[in-house]
2 protein chains.
Amino acid sequence: MISSRFSVAIHILSLIDIHEGKIKSEYIAGSVNTNPVVIRRIMSMLGKAGLIESRAGVTGIKLLKPLSAISFLDVYRAVELPENDVLFNIHRNSNPQCHVGRNIQSALEQPLTEAQRQLENTLAQTTVAQVVGHIQSQS
Amino acid sequence: MISSRFSVAIHILSLIDIHEGKIKSEYIAGSVNTNPVVIRRIMSMLGKAGLIESRAGVTGIKLLKPLSAISFLDVYRAVELPENDVLFNIHRNSNPQCHVGRNIQSALEQPLTEAQRQLENTLAQTTVAQVVGHIQSQS
DNA sequence: TACAATGTAACCTTATCAGTTACAACTCAA
DNA sequence: TTGAGTTGTAACTGATAAGGTTACATTGTA
């Protein structure tokens, strides 16, 4: 299952936008209902992905792109798939002396890559701005 | 990341088909390069999903459907998503006194459900028979 | 009846995640 | 310039899940 970091990250970005950056990690933690360090940890990933910027000692977070230019895929890539960007964990070390063991990996690669591509395609089509739009339309 | 159970399950089904069911868990384990109990554990899930049938004491596994009728989605559902069938873990317990916290969950539900649906759609379009076809076309 | 295979429970190790404490580094206002 | 307040991170603690392993009861068959 994809970790809750992903949905928390979208929550964080929405709050930054709505409060125009004048917000601290402790406030965000109060809205998410978790510890400020959890928030700062996720913000650190968003920062490394070039989505936000913040500075030690300074209250406030800057969005480096408008939310309409930040897709779910951008967020997903920022906080998930740490090393190899692969969704399906194909077992390695199959027995090369077995015909099936020798070829199973290459047989799985194409369809599973395609499935991941479709998932990412869909994630690319929603922006965080749409989330804020939905939230603002609620009472 | 989706666990390797999924790819191992496809490996198992391919072997059963190629050997026409005359095969034991120990042999499969040799091809996958793991412990027979790991294989039997996954076979148990495939059995509960109605894809295969085997009996204690009897060598051999029966496919309950032709591989051309077993999609990657069938296998995925058999061995992953144990309880709630949800791919994205949305954080619960957001602060209901915060406008964002109160509405983030409903804002995320629709796009994430759609993304999962697209992934599953793609998985539904590949069958395990295609994997066996690919393997048999190799040397 | 004895052998061989399956089905499962139980345990261990490892990895990841989320929560938490602690603290260094940094800003800015008084 | 000092002190309060904030961020950035390291480190530790469960909790949970996965894969590997041992052990053994159950079952069918030669």
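Lettering follows sequence order; numbering is per chain, from 1. Since the model is a prediction, treat every value here as computed from it, not as a measurement.
One interatomic measurement links the two molecules: NE2 of A:His91 to C1' of D:dA18, which rounds to 15 Å at whole-angstrom precision. Protein atom CE of B:Met43 is 13 Å distant from nucleotide atom C1' of C:dT8, rounded to whole Å. Distance B:Asn89 CG to C:dG19 P: 11 Å, rounded to the nearest Å. Atoms CD1 (A:Ile39) and C1' (D:dT9) sit 16 Å apart, rounded to a whole Å. Between B:Glu80 atom CD and D:dA17 atom P the separation is 13 Å, expressed in whole Å. One atom, CG of A:Asn35, and another, P of C:dT20, lie 5 Å apart when rounded to the nearest Å. The interatomic distance linking B:Leu46 (CG) with C:dT6 (C1') rounds to 15 Å, in whole Å. The nearest whole Å value for the distance from the CZ atom in B:Arg55 to the P atom in D:dA25 is 22 Å.
Between B:Arg5 and D:dG19, a side-chain N or O to OP1/OP2 separation shorter than 4.0 Å is present. A close approach under 4.0 Å does not occur between any side-chain nitrogen or oxygen of B:Ser25 and OP1 or OP2 of C:dA5. Neither OP1 nor OP2 of C:dT16 sits under 4.0 Å from any side-chain N or O of A:Ser3. Within the 4.0 Å cut-off from OP1 or OP2 of C:dT8, at least one side-chain nitrogen or oxygen of B:Ser44 is found.
At a threshold of 4.0 angstrom between heavy atoms, the contacts of A:Val38 include nucleobase atoms, whether or not backbone atoms are also involved.
Just one of B:Val75, B:Ile2, B:Leu87, B:Asp85 meets the side-chain contact (heavy atoms from CB on, under 4.5 Å) condition when paired with B:Glu80; it is B:Ile2.
Taking the six-membered ring for Trp and thresholds of 30 and 60 degrees, B:Phe6 and A:Phe88 have ring planes inclined between 30 and 60 degrees apart. Classified by interplanar angle (parallel below 30°, tilted 30° to 60°, perpendicular above 60°), the ring pair B:Tyr27/B:His19 is perpendicular.
The side chain of B:Val37 sits closest to D:dT22 out of D:dG20, C:dT21, D:dT22. With D:dG28, D:dT22, D:dT26 as the choices, the nucleotide that has an atom nearest any side-chain atom of B:Ala56 turns out to be D:dT26. Considering only side-chain atoms of A:Thr59, the nucleotide from D:dT6, C:dG19, C:dT27 that sits closest is D:dT6. Checking C:dC17, C:dT27, D:dG8 against every side-chain atom of A:Ser54, the shortest atom distance belongs to D:dG8. Looking at the side chain of A:Lys24, the nearest of the listed nucleotides C:dT21, C:dC17, D:dG5 is D:dG5.
Taking 4.0 Å as the cut-off between side-chain N and carboxylate O, B:Glu114 and B:Arg117 count as a salt-bridged pair.
The backbone N or O of B:Gln138 lies less than 3.5 Å from a partner atom in the side chain of A:His99, making a donor-acceptor pair.
Residues A:Thr34 and B:Val58 both approach DNA chain C. Their nearest nucleotides, taken by heavy-atom distance, put B:Val58 toward the 5′ side.
At a cut-off of 3.5 angstrom, counting only N and O atoms as typed in the model, there is a donor on one side and an acceptor on the other between the side-chain of A:Arg41 and the base of C:dG19.
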